Amino acid sequence: MLIPSAASALTGSEATVVSAVPAQSQPAASPDPVPAAPSTPATPSTPASASPATKAPEVRAQRPVSNTKESRSLVPGPVTVDFKGDYLGWAMLDRHTGEVVAAENAHQTSSTESMIKIWLVSDYLRRAADSGQTVTQDWLTKASDAIRHSDDRAAQALYVANGSDESVHRMIQMCGMTDTSAYKSWWSRTQMSPRDALRLASCVADGTAAGAEWTGWVLSEMQRVEGSTARADQQATRGGGRWGIIDGVPSTLARTLAIKNGWTAIGADSSWHLNCLAISDDWIMSVMTRYPVANGLQYGADVCASVAGQLLPRA
């Protein structure tokens with residue numbers, strides 16, 4: 001949602017095959033953000049080259065399967081995206097079998113941006129319940145705004161109340177993350193991989209993150225995310241986030257899909273850092289990207305939708 005200014009920049013080349021994208025370094029710290037300039041949407045096309053999927057059983061080992069209903073295993077098709085950018089990684093978990101399919105670079109990291117807000121909310125609510133504290137309406141409103149409207153000020157208040165970086169370290173430990181690292185005093189710059197994003201979503205879905213009292217509420221708020229990529233729905237510190245994976249699934253599923261996206265146009269590398277995360281009864285999916293600011297917000301939303309449409313199980 002924002003463009004912080006910074007002197008340093010990431011480097012990287014365009015890539016059309018997911019597995020060929022190299023790992024990148026973290027963005028440098030930057031001063032106070034300024035609103036992002038609107039950019040012209042660009043829709044990704046689909047060429048012939050396919051990126052290979054790899055099994056990632058370590059995700060299954062780190063997180064318990066959170067849904068025991070019988071279902072078929074994942075049978076994903078090849079993911080083919082004509083992606084012009086610095087990074088594209090994805091991963092998908094079958095919640096019934098624990099099976100994971102992922103891009104070869106699903107261990108590589110990028111900044112979470114607002115995707116981590118579901119943890120900040122969950123961490124606050126679980127800790128309040130564990131300590132016997134009543135969550136006031138003011139804090140409940142903040143928690144709702146952080147998820148439904150991706151409100152940065154609300155998320156910052158929760159982050160500070162949670163002990164700042166201590167909250168991120170709790171997430172890494174409680175959710176069994178292997179690739180994630182905290183970025184000092186800056187929640188949105190937390191570095192996370194697509195396979196760790198599965199662990200984050202699993203941690204929310206199975207009740208570990210928010211606890212028994214609040215898990216249903218958090219998932220319900222994720223189902224009620226509002227707003228589009230349209231210019232009118234994007235403000236300096238909050239914005240519409242109902243797009244991405246949810247646009248790549250059937251409308252009947254979209255109505256109950258729990259989602260939380262993260263998106264910021266970063267001045268340090270002139271790139272959108274855009275991530276999509278979704279939880280259904282049957283699966284969890286993450287898509288993480290970095291690409292030129294000039295391509296626009298809708299470009300990344302379309303990439304997430306395209307990946308989702310190709311990853312969903314086939315009959």
Side-chain angles (χ1 to χ4, degrees), residues 1-2 63 66 111-177 180 182-183 185-190 192 196-227 235 237-242 244-246 256-264 275-280 284 286:
M1 288 178 290
L2 311 172
R63 301 295 321 146
S66 57
S111 57
T112 62
E113 305 311 322
S114 296
M115 187 171 66
I116 199 176
K117 288 173 182 174
I118 57 172
W119 170 261
L120 299 179
V121 168
S122 297
D123 193 33
Y124 179 85
L125 295 174
R126 185 197 69 259
R127 293 173 72 242
D130 288 349
S131 63
Q133 296 179 356
T134 299
V135 178
T136 66
Q137 185 56 54
D138 178 59
W139 281 102
L140 200 58
T141 297
K142 286 183 173 66
S144 179
D145 282 346
I147 295 176
R148 289 200 198 190
H149 308 293
S150 206
D151 190 287
D152 291 339
R153 292 188 178 97
Q156 178 67 16
L158 292 162
Y159 171 68
V160 172
N162 290 344
S164 300
D165 291 346
E166 293 177 10
S167 183
V168 179
H169 292 305
R170 273 193 300 273
M171 175 186 69
I172 294 169
Q173 190 276 324
M174 291 180 66
C175 300
M177 295 178 171
T180 300
Y183 194 95
S185 302
W186 204 341
W187 50 265
S188 66
R189 293 297 185 269
T190 300
M192 187 180 292
D196 266 2
L198 293 186
R199 292 173 175 131
L200 168 59
S202 294
C203 204
V204 171
D206 69 18
T208 301
E213 182 176 347
W214 289 103
T215 294
W217 185 89
V218 171
L219 290 171
S220 177
E221 290 299 297
M222 292 174 68
Q223 292 171 343
R224 290 169 168 79
V225 168
E226 300 178 6
Q235 292 84 46
T237 59
R238 55 191 277 154
R242 194 173 184 80
I245 292 172
I246 199 168
T256 60
L257 198 63
I259 65 171
K260 185 68 193 84
N261 298 326
W263 64 105
T264 306
N275 313 307
C276 301
L277 188 64
I279 302 170
S280 81
I284 291 171
S286 66

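Remember, predicted model here, so these are calculated numbers, not experimental data.
The distance from the OG1 atom of Thr112 to the NZ atom of Lys260 is 10.0 Å, given to the nearest 0.5 Å. The CD1 atom of Ile116 sits 11.0 Å away from atom OG of Ser122, with the distance rounded to the nearest 0.5 Å. Arg242 CZ to Met222 CE: the interatomic distance, rounded to the nearest 0.5 Å, is 11.5 Å. Separating the CD atom in Glu221 from the CD1 atom in Ile147 is a distance of 6.0 Å, to the nearest 0.5 Å.
Counting only N and O atoms by type, the side chains of Thr136 and Asp138 include no donor and acceptor under 3.5 Å apart. With 3.5 Å as the limit, one finds a donor-acceptor pair spanning the side chains of Ser167 and Trp119. A side-chain donor from one of Ser114 and Ser150 sits under 3.5 Å from a side-chain acceptor of the other. With no hydrogens or angles considered, a side-chain donor-acceptor pair links Thr237 and Arg153 at under 3.5 Å. A side-chain donor from one of Tyr159 and Asp165 sits under 3.5 Å from a side-chain acceptor of the other. Side-chain contact check for Ser131 and Arg127: no donor-acceptor pair (N or O, by modelled atom type) lies under 3.5 Å. Checking Lys117 against Ser188 by side-chain atom types alone, no donor-acceptor pair falls below 3.5 Å.
Between Asp123 and Arg170 the shortest side-chain heavy-atom distance falls below 4.5 Å. Looking at heavy atoms from C-beta onward, Ile259 lies out of side-chain contact with Ile245 at the 4.5 angstrom threshold. Side chains of Leu125 and Glu213 form no contact here, defined as non-hydrogen atoms less than 4.5 Å apart. Taking the side chain as every heavy atom from C-beta outward, Leu200 and Met192 approach each other to under 4.5 Å. Trp187 is listed as a side-chain neighbour of Leu120, based on a closest heavy-atom distance under 4.5 Å. When side chains are defined from C-beta on, Ser202 counts as touching Ile284, because their heavy atoms get closer than 4.5 Å. Here the side chains of Val135 and Trp217 are not in contact, with every heavy-atom distance at 4.5 Å or above. Between Met171 and Thr180, some side-chain heavy-atom pair lies under the 4.5 Å cut-off.
In this structure, Ser220 contributes its side chain and Gly216 its backbone to no donor-acceptor pair below 3.5 Å. Side-chain atoms of Asn162 never come within 3.5 Å of backbone atoms of Ser164 as a donor-acceptor pair (strictly under, hydrogens ignored). With Asp196 contributing its side chain and Arg199 its backbone, the two residues share no donor-acceptor pair below 3.5 Å.
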Evaluate the side-chain contact (heavy atoms from CB on, under 4.5 Å) criterion for residues Leu219 and Val204: first the C-alpha distance (whole Å), next the side-chain angles of each, then the deciding distance (0.1 Å), finally the verdict.
-> CA-CA 8 Å; Leu219 290 171; Val204 171; 4.0 Å; yes
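Residue Glu113 is tested with Thr190, Asn261, Thr264 for a side chain to side chain donor-acceptor pair (under 3.5 Å); the sole match is Thr264.
Between Asp145 and Arg148 there is no salt bridge, since no side-chain nitrogen of the basic residue lies less than 4.0 Å from a carboxylate oxygen of the acidic one.
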